[in-house]
Amino acid sequence: MSSLPITEQLERRTAEFLARVHRLFIDGEWTEAESGQILEVINPATGRVLAKVQAAGAQDIDKAVRAARHAFDEGPWPRLAPPERARLMLKLADAISGARDDIAYLETLDNGMPLSSAVRAVGLATAHLGYFAGWCGKLEGRTHSVGQPDMHVYTVKEPVGVVGAITPWNFPFVMEIDKLGQALAAGCTVVLKPAELTPLSALRLAELVREVGFPKGVINIVVGHGESAGAALVEHELVDKVSFTGSTATGKWIVGAAAGNLKRVTLELGGKSPTIIFPDAELPKAIPGAAMHVFANTGQVCVAGSRLFVHRKVFDEVVAGIAEVARTLRVAPGIDPSSQLGPLVSRGQLDRVAGYIKSGVEEGARIVQGGGRLGEEGYFVQPTVMTQARSEMRMMREEIFGPVVAAVPIDEDDLDAIARHANDTQYGLAAYIWTRDVGKVHKLAGKIRAGTIHVNGGLPLDPAVPFGGYKQSGWGRELGAAGIEAYLETKAVVVRL
Ligand code: ADP
């Protein structure tokens, strides 16, 4: 595991960054929040205040939206030659690369993730931004054969306009860069509101945006609470599209609140993804794989494989193996080089995860491993394995967003019956299948209603692969061609010759 040496210089730069009271980044300038609100950022490994940042109210959001609107309607960005747009995006990617250690360190202090994961995440974000920059010159329309002669009909792709991007706290930096990268490539201008629990890497990003020299108002970054700043952004009449990643409950609220001007909405929401392990699976890979698909990032992953269906022939072996992974994973502050799992992000999240474990036990599930809090300082929990889970239990129906997996034995070789288990959820984000039988793989992949089916391991988030959910896991797709498309309008030009 590649961790980062925390040098004296890195410590010093970070301490200086944390000591400043950060303002809002609007129209290319650091701007005093009119709301007068200050938000305390908590280090989840200690529970202590890490930094203070200004938080936007509705008036501040209005200012940011108007800056983005002006930049879109009057500024150069949407009209810039695609290679020029790409050049600035690549310059930002380079700047992020150069600041990798600082961003990763901030991300770890703020979110709690192991420093090695934060370094990887910043690397991913840089690669994603480069990928999206490549789309700038590839947003092509078509010519259309129509039923009348003497007609020339073509379509062009145009940017959707001002984008309100609202991001979560589980992978703050990558999520911010993904939304930004797609919007920028399409020629949109953006107001980005990072999650109030983890605003620091976004504020560092704003510094880089300023250094790189994007035209004013193209990228605005405003920290603020969901119910005030987030809501004001969603309701704003001058915003053309909201791109949201977060909980299903908030996603549903956004759908209603966006109706005022019928802005476009894409939603990446929760999940309750199944992992299915067949007896012919390569267990030495399936066991650690299934374990990390739910424990990684302390379970705070929308695609976590939290419902584990294992064929009865290998059930005991798989459960014992995953329990062993849970027992031996090193849970420690992210800045500890040996840390494999950091704390949960907040006190609220700690209470929520504990509540789900308790409800599971009350409804008859059994804890095989873990189940408790670790230490008194910070928000650490034990990776937890439960059995005797039934589909009607709360912990099997609702997203826990913690390192908790519930295992259920399956007897069937009938793929329809297995798919019924997998699909017995309001969500449809991902599914994990472990088997060596290629026929079974493709048949079952066709039966499961989920946005991504991972077979025998899968891939870390790749910008070329569309990502999103069926059912209540969301609307639309991010990443890949489908992701860019969601930031574009299609215009047909119909010419009588
Ligand atoms: P969680 O409950 O896991 O914190 P949320 O969906 O509440 O997830 O948060 C994800 C993002 O949504 C955050 O940036 C948060 O500020 C924002 N948010 C929360 N409530 C609203 C809202 N009513 N309108 C807009 N954004 C919101």
Side-chain angles (χ1 to χ4, degrees), residues 24 33 35 37 39-42 44 53-58 60-62 64-65 110-112 163-180 190-203 205 220-236 239 241-260 263-272 297-304 306 343-353 355-356 379 398-402 427 429 469 472-475 478:
L24 311 174
S35 71
Q37 282 176 37
L39 198 150
E40 290 191 331
V41 183
I42 306 292
V53 300
Q54 295 189 0
D60 302 297
I61 290 292
D62 182 60
V65 169
D110 194 356
N111 160 282
V163 173
I166 301 178
T167 49
W169 43 258
N170 59 340
F171 292 102
F173 196 68
V174 179
M175 297 289 158
E176 289 148 15
I177 289 295
D178 279 351
K179 293 205 190 297
L180 211 55
V190 184
V191 176
L192 167 67
K193 193 207 79 63
E196 57 269 47
L197 285 173
T198 55
L200 298 181
S201 56
L203 290 165
L205 174 66
N220 305 274
I221 300 182
V222 285
V223 173
H225 291 282
E227 57 281 7
S228 48
L233 187 56
V234 173
E235 287 169 339
H236 206 294
V239 172
K241 174 191 162 84
V242 165
S243 173
F244 171 76
T245 301
S247 63
T248 292
T250 304
K252 287 183 181 179
W253 183 86
I254 285 176
V255 167
K263 54 177 68 64
R264 282 84 184 103
V265 176
T266 44
L267 304 169
E268 296 300 338
L269 309 176
K272 195 73 199 171
N297 211 39
T298 316
Q300 302 166 120
V301 181
C302 55
V303 292
S306 52
L344 291 164
V345 77
S346 65
R347 175 81 224 188
Q349 197 55 24
L350 181 69
D351 293 343
R352 170 181 160 151
V353 171
Y356 277 112
Y379 313 128
E398 297 176 20
E399 185 174 44
I400 299 177
F401 231 56
Y427 296 110
L429 200 50
Q472 294 189 36
S473 289
W475 280 0
E478 294 222 50

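Every number for a ligand or one of its atoms is a count from 1 in the order of the listing. If you read the sequence from its start, that first residue is 1, and numbering goes on from there. Only heavy atoms go into these numbers, but all of them, side chains included; no hydrogens, no water, no symmetry mates.
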What residues form a side chain to side chain contact (heavy atoms under 4.5 Å, CB included) with Glu398, not counting sequence neighbours?
Tyr356, Arg394
Partner set under salt bridge (Lys or Arg N to Asp or Glu O under 4.0 Å) for Glu227, not counting sequence neighbours
none
Residues lining ligand 1 [heavy-atom distance under 4.0 Å, listed by chain and residue number]
Ile166, Thr167, Trp169, Lys193, Pro194, Ala195, Glu196, Gly226, Gly230, Ala231, Val234, Phe244, Thr245, Gly246, Ser247, Thr250, Trp253
Please tabulate, for the side chains in residues 193-201, all donor-acceptor contacts under 3.5 angstrom to protein atoms that are two or more places apart in sequence or on a different chain.
{"residue": "Lys193", "atom": "NZ", "partner": "Gly224", "partner atom": "O", "Å": "2.9"}
{"residue": "Glu196", "atom": "OE2", "partner": "Gly226", "partner atom": "N", "Å": "3.0"}
{"residue": "Ser201", "atom": "OG", "partner": "Glu107", "partner atom": "OE1", "Å": "2.7"}

Step through the shown structure and confirm whether more than 12 heavy atoms of other residues, nucleotides or ligands are within 6.0 Å of CH2 on Trp253.
yes
Given Glu176, Lys179, Glu268, the one that forms side-chain hydrogen bond (donor to acceptor under 3.5 Å, both in side chains) with Thr245
Lys179
For a 4.5 angstrom cut-off between non-hydrogen side-chain atoms, does Trp475 reach Val255?
yes
